[in-house]
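Values below: every heavy atom of this structure, side chains too, minus hydrogens, waters and symmetry copies. These numbers were taken from a predicted model, which means no experiment stands behind them. Sequence lines set the chain letters: A, B, ... in the order given, protein chains first and strands last, and positions in each chain run from 1.
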2 protein chains.
Amino acid sequence: MEEQLSERGKRILEAVIEDYIATAEPVGSRTLTKSHALALSPATVRNVMSDLEEMGFLTSPHTSAGRIPTDKAYRLYVNSILEVRNLTRDNREEIKRRCQLAGRDISEVLKETSRLLSSTSSYMGVVMAPRFAANVFRQLEFVKLSSHRVLAILISQNGAVQNRLIETEVEISQDDLVRMGNYLNEQLKGLTIAQVRERLLSEMKSEKVRYDAMLSQAIVLSEATLKSDDAQIFVEGQANILDQPEFHDAAKMREIFRAFESKGLILDLLDRAMQAEGVQIFIGAESHLVKMEGMSLITSTYMTGKDTVGVLGVIGPTRMGYGRVIPIVDYTAKLISRLLETE
Amino acid sequence: MEEQLSERGKRILEAVIEDYIATAEPVGSRTLTKSHALALSPATVRNVMSDLEEMGFLTSPHTSAGRIPTDKAYRLYVNSILEVRNLTRDNREEIKRRCQLAGRDISEVLKETSRLLSSTSSYMGVVMAPRFAANVFRQLEFVKLSSHRVLAILISQNGAVQNRLIETEVEISQDDLVRMGNYLNEQLKGLTIAQVRERLLSEMKSEKVRYDAMLSQAIVLSEATLKSDDAQIFVEGQANILDQPEFHDAAKMREIFRAFESKGLILDLLDRAMQAEGVQIFIGAESHLVKMEGMSLITSTYMTGKDTVGVLGVIGPTRMGYGRVIPIVDYTAKLISRLLETE
DNA sequence: ATTAGCACTCAAAAACCCAGAGTGCTAACC
DNA sequence: GGTTAGCACTCTGGGTTTTTGAGTGCTAAT
């Protein structure tokens, strides 16, 4: 049963996949011979397709419909058949243009990137921001807003900013706040945010702190600032997938939207994608997430310097234009990496 | 034709509206007499309904279906028939619990509020953040990230933070940046952000700046920080409206999602809602936005101290549980107002 | 090995029918 | 007068049946 795939078999499988990608309809032997110049009769094609079905590359939704590619077929396709097109100059220009980070806040840029991915691919764009905790600490700032309210602002070396409003037990003067800030900035210079946190937690237990009320204040404040660092994910262009014919019916649509409403699902996926460097492709059930059947995900990691810090990508139907989307994702990731470089 | 609406007419109209809200089906005379204890025969009800139709409160999708309320009917209903229920204690507790702003960044809180509105109403939640420009300036901070990159952080009195990455032409030392910051903070104390901007623009033209390179740098930097203040809008729970039977068919769904994808539409609406203080209700076509037919919007403004600074609300189908949603919106707005008070 | 031919299959679309809910009107009723 | 029972009529939605057409698998001829 597991005989090798012939050259002709490959050609035909490719044709089927491409037709199916284009039309979303099961493709039959006759249509295939017409659209692709195969110099073969429908009957022959039928035989080959029958073989392909046996090998698990095609299925038919029912007898007497055409056939559609299985996940396994897509896998083969992206691995060894597909040749990735280059981006057009225009495409590249547009991506570059829209990824300017000057003059904007960094998460704005990532959001825009997500939007960009969505609109150039016409599927859904996804960007996971660098985990704040992995960034290098740059500066911590306390600003007194009112008697018992302090705004803590935490700045990382790459320009990400987080802030928290803290209700303090006792009133602290702005001067004291500044002093705390200076002290901590001095202490924490060069650590990653995660390390900063560890350091603070251990200090909290130390003897010294017991006797220095202000220091302990500072530590409580900054600890409050640091806790709960949820990954930021930007998902854009959900409406795009509504245009895909496979989701035309209302029930399916609802399901999809429900699934993506909480970002947990996407987070899981992206976390997985972050394990390995570079472009990765998850096809349908491969992701082992039930909700993802019928959908594929193309991701690429991006980095600052040598460290992988985030992932971005495109989610679309399994039946998606891999050849077109892969280079988009790839190029965008590279661009973002370049932008984030701290010179 | 424009005779007054009798007491009985009102009662029946109310019954129709309530039935329709509950079932989303056109309601007929017979069902009406059954569900509401009206002590009238279907025939009589029919007569009255016929009158109501003539007056423009009801329409029938076709002969021999029941009737459905028009926008005009809803208007009358919310204005003079409906009595707004009070919130249950549980409801109030939950809203309070989820609106804690301590420990979080202010826009996080507003986003959560939007989520809250959506989940308690089971429609779509909308929150427009205070226009940053209207806030009172608190502090401006420049942080050097790398040779030509400066992060500018702008903090307002109420704890909102905006930051921008700025690529500078020439390298500026961190010391100089601090000095610039101090100078500007001194100068700009107490102004609103909008005023700050005006002030800077006018300074840029003044003679003094010509001769002080650093000052002019500072002004360029902060001007870069201030420009482009787009309103922030948080929309949550879009998937909720997919459950509404009136949007069950795929085409409608798509339309809705497309409409809300760009937030411009919502922005227009909310801007309008901000004109007047307190709870406002826009029913269907009243908003004069084509896309909004079939949908209603319940909003309330919220304030810090005496100034209206933002709006929040719920978007749902015209056929929505006004009596239930209005107090939710109202209460939430009041709560947010209280939270934002600068003590 | 390939292909033409043919009988067979099945889903989707069209055509059709029917029941049910609703209406408007008229005539009787209180 | 307002109210109600009765009746003929209308329309939609749902279910069933028919038709159509694309597609298959097999066999026999090339």
>> Side-chain N or O of T44(B) versus OP1/OP2 of dT4(D): is the shortest distance under 4.0 Å?
In response: yes
Residues two or more places apart in sequence or in another chain: which of them pass side-chain contact (heavy atoms from CB on, under 4.5 Å) with [X]?
X	result
T299(B)	L270(B), A273(B), Q280(B), F282(B), L297(B), V311(B)
R258(B)	A239(A), N240(A), D243(A), E261(B)
R98(B)	E94(B), E112(B), R115(B), L116(B), S119(B)

>> Does anything in residues 35-50 of chain B form a salt bridge (charged side-chain N to carboxylate O under 4.0 Å, His left out)? List the pairs, not counting sequence neighbours.
In response: none
>> Does anything in residues 281-293 of chain A form a salt bridge (charged side-chain N to carboxylate O under 4.0 Å, His left out)? List the pairs, not counting sequence neighbours.
In response: R75(A)-E286(A)
For the pair made of [atom1] in [X] and [atom2] in [N], what is the distance, rounded to whole Å?
X	N	atom1	atom2	result
L40(B)	dA5(D)	CG	C1'	15 Å
E25(A)	dA11(C)	CD	P	15 Å
E7(B)	dG2(D)	CD	C1'	18 Å

> When every nucleotide of nucleotides 20-30 of chain C is labelled 5' to 3' by its protein contacts under 4.0 Å (heavy atoms), B for base, S for sugar-phosphate only, - for none, what sequence of letters results?
Replying inline: --BBB------
> If you measure only the distance, is there a donor-acceptor pair under 3.5 Å linking the side chains of S35(B) and D19(B)?
Replying inline: yes
